[in-house]
Amino acid sequence: TVKTLVHDIPTVYQNAIGAELPVLKKNFGIEYKDHKQIDDTMLAHAVLWSDWGHDLEFLASLYSPYNKLKQYKGTDFELYNWGDVIDTIAVWEGLLGEFKKDPLSESIYREQSLKLIPLVIEAHERGIRVAKDKVEPLALELMTRKLKASLLAQAACGYPINIGSNKQLAFYCYNLKKYKMPRERGQDKRSVDGDTIADLRKAVGPEPDLEGEEKNGLAFEEMAARIEEGADPTLESRVIFANALQEFSHYIQPCYSDSMLVDRIYPEFKLHTQATGRWSTTGVPMAQLPKHLRSIVCADEGWRQVEYDWSQIELRLIAILSQDRPLLEAFEKKWDIHTLTACELFGLPYPPNRVNPHENGESTEWRALTKWNGEGDTRRGFAKQFVYRLNYGGSPKDAINIPGARMLGLNAAKLALASNRYLMAHPGLSRWRAEMAMRVQVRFPEVRTFMGRKRILLTDGPKKVREAYDTPMQAGVSDIANITAISIYHALPWVQFLFQLHDGWRWQVPTQLVDETIPKMREIVEREWSINGELVKFPASFTVYD
């Protein structure tokens, strides 16, 4: 039987998580645990060539010498299927040849990609419990936001515009207001897609906090403040309307079936889609679940949700990779990184107390001298976003889009000067960036994480340099997160994975085992890693939810 075959013989699939294993379980009752060994061409190719496609047709065009049999789909199923079988064999043989030349990539594939398969399959099949008592109030809240945004737009326009209609919004923007379509948005001169609306809002002003809005949406209070500063009420209303509509379709609708609330939702986790090794969550995109909607899911009865979130892990990792002593010292002594960064960007003296300069008595004179407004100081918020953009490879002049930049009197020249001041204060980071920029000046440059995950840079110009800066940091965090999840899965078998949430990972634990589990989980999450010959730990916060 098929079950005996997969039990006795190693099996190669093209898409084990998303296709083969679910089909085998449905039709034959064969599960992951019934296999002697599984390999997956899609996952293997995603590790070797992260920026390319990974579907069988594309892989066969690279590795298979056989004639294509796709034309028999629908007319000769056996011949069509045979074509897929021989292509899969040829593809796997080709990938094995590449792994022999690249043992680091094979290690990533075998120690991460393959070992994550049972974890993500079980998480998808188990699903997440819906908190039914929370869904309807949140649905009403979103519908109310849509209606209020529509009424505000109509009041601002002076006529009953349908703010959800692209045609009517385009007429408003380009016929009535005579806004100019941003050049970089292509040939469509009347586009009103999300990116175009963002550009139009930037042009009208004031500068929108696009990153903040992506995480938390645009509040009506923020909208009112922006309108007082000259923002277009109709464009602002469109943002709130579109955001509410998207949140409803992404998170509220999946909680219903035939107008009835369901017991569970079933996100799908894809390991092969992002070049940095991060997962993509589809179906219900839980990784982007906004804070105000997180109550739609809850732990199963008799369980509690436990979430861990590493503290500034990307910035800590780049400090280690670049061996930047100022950053390493700041983390070691638990200084306020973002306040120190603001001092470096704006040429301010460092505070006497660098741990808590916002309230500590030692820094009273410093606060008066610098006119510091505490943890919420605009310069500190700007500095935080500026450095993250810089580490992701962004150009300093583009930081003019960061909220607060114009209010701080910054322009392209001042931003370039601020960037130079920051890099001068961080010689290790500056040297590392220069080395990475030089490394990409070859025909097919590649960069790797400290664990060996590879990315071959196939782009050109500034984008290639940005990817060279970004990949060791973002993909390095992916490696840490993957190994951590696998370790928890095996060491704590009573713990069940639920979903990722930005950089947080949420699991559920039997209620009576929570107090026992968190110290064990913390030991795994904050384990030592060997990076650049040093043993380092990444601290994390833990939160327990119902």
Practice problem: Decide yes or no for P290 and N216: does some side-chain heavy atom of the first lie under 4.5 Å from some side-chain heavy atom of the second? | Solution: no
Exercise. Check ring-ring contact (aromatic ring centres under 6.0 Å, His included) between F99 and all other residues, then give those that pass, not counting sequence neighbours.
Key: Y109
Quiz prompt | Nearest-0.5 Å distance, CG of residue L114 to CD1 of residue I108 | solution = 12.0 Å
Quiz prompt | Pairwise side-chain contact, L43 with N15, heavy-atom cut-off 4.5 Å (strictly under) | solution = no
Self-check item: CD (E78) with more than 12 external heavy atoms under 6.0 Å
Solution: no
Practice problem: First locate atom OG of S419, then atom CZ of R389, and finally report the distance between them rounded to the nearest 0.5 Å. | Solution: 13.0 Å
Quiz item: Going by atom types alone, do D479 and T449 pair a side-chain donor with an acceptor below 3.5 Å?
Solution: yes
Quiz item: For I197 and V239, which heavy atoms make the closest approach, and how far apart are they?
Solution: CG2-CG2, 4.2 Å
Practice problem: Measure the shortest side-chain to side-chain distance between V525 and W310 over non-hydrogen atoms and say whether it is less than 4.5 angstrom. | Solution: yes
Exercise. May I have the step-by-step check of side chain to side chain donor-acceptor pair (under 3.5 Å) for T459 and E467, ending in yes or no?
Key: CA-CA 9 Å; T459 52; E467 290 173 354; 3.1 Å; yes
Quiz item: What residues, two or more places apart in sequence or in another chain, satisfy ring-ring contact (aromatic ring centres under 6.0 Å, His included) together with H35?
Solution: Y13
Quiz item: If we ignore angles and hydrogens, is there a donor and acceptor under 3.5 Å between the side chains of E344 and H426?
Solution: yes
Quiz prompt | Cationic tip of R466 above Y392 ring, under 6.0 Å, 45° of axis | solution = no
Quiz item: Within a strict 4.5 Å, meaning less than it, do heavy atoms of the V297 and R129 side chains meet?
Solution: no
Practice problem: May I have all residue pairs that pass side-chain hydrogen bond (donor to acceptor under 3.5 Å, both in side chains) and include part of residues 84-101, sequence neighbours excluded? | Solution: W49-E98, Y63-E98, S64-D87, K70-D84
Practice problem: Return the set of residues passing side-chain contact (heavy atoms from CB on, under 4.5 Å) with N420 (not counting sequence neighbours), or none when no residue passes. | Solution: none
Self-check item: Distance-only donor-acceptor check, side chains Q323 and R325, under 3.5 Å
Solution: yes
Quiz item: Of the options N391, T276, V447, which is the one that meets D470 in a side-chain contact (heavy atoms from CB on, under 4.5 Å)?
Solution: T276
Quiz prompt | Side-chain donor/acceptor of E526 to backbone N/O of A540, under 3.5 Å | solution = yes
Quiz item: Considering all heavy atoms of both residues, which atom of R421 and which atom of L345 are nearest to each other, and what is their separation?
Solution: NH2-O, 2.5 Å
Quiz item: Can you tell me if H54 and H45 form a side-chain donor-acceptor pair at under 3.5 Å?
Solution: yes
Quiz item: Partners of P208 by side-chain contact (heavy atoms from CB on, under 4.5 Å), sequence neighbours excluded?
Solution: R201, K202, L210, E213, R226
Quiz item: Is there a side-chain contact between V6 and K36 (heavy atoms, below 4.5 Å)?
Solution: no
Without placing hydrogens or testing angles, list every side-chain donor-acceptor pair under 3.5 Å for residues 480-498, not counting sequence neighbours.
unit_1 : atom_1 : unit_2 : atom_2 : d
N482   : OD1    : W279   : NE1    : 3.0
N482   : ND2    : Q112   : OE1    : 2.9
N482   : ND2    : S478   : O      : 3.3
T484   : OG1    : I480   : O      : 2.7
S487   : OG     : I483   : O      : 2.8
Y489   : OH     : E122   : OE1    : 3.3
Y489   : OH     : E122   : OE2    : 2.6
W494   : NE1    : T517   : OG1    : 2.8
Q496   : OE1    : R126   : NE     : 3.3
Q496   : OE1    : Q508   : NE2    : 2.7

Quiz item: Checking R304 against Y545: charged group under 6.0 Å from the ring centre and within 45 degrees of the axis?
Solution: no
Quiz item: With the threshold set at 4.0 Å, does a side-chain nitrogen-carboxylate oxygen contact exist between R455 and E446?
Solution: no
Quiz item: With a 3.5 Å cut-off and no angle check, do the side chains of T196 and D193 form a donor-acceptor pair?
Solution: yes
Quiz prompt | Any side-chain donor near an acceptor of the partner, Q14 and T41, under 3.5 Å | solution = yes
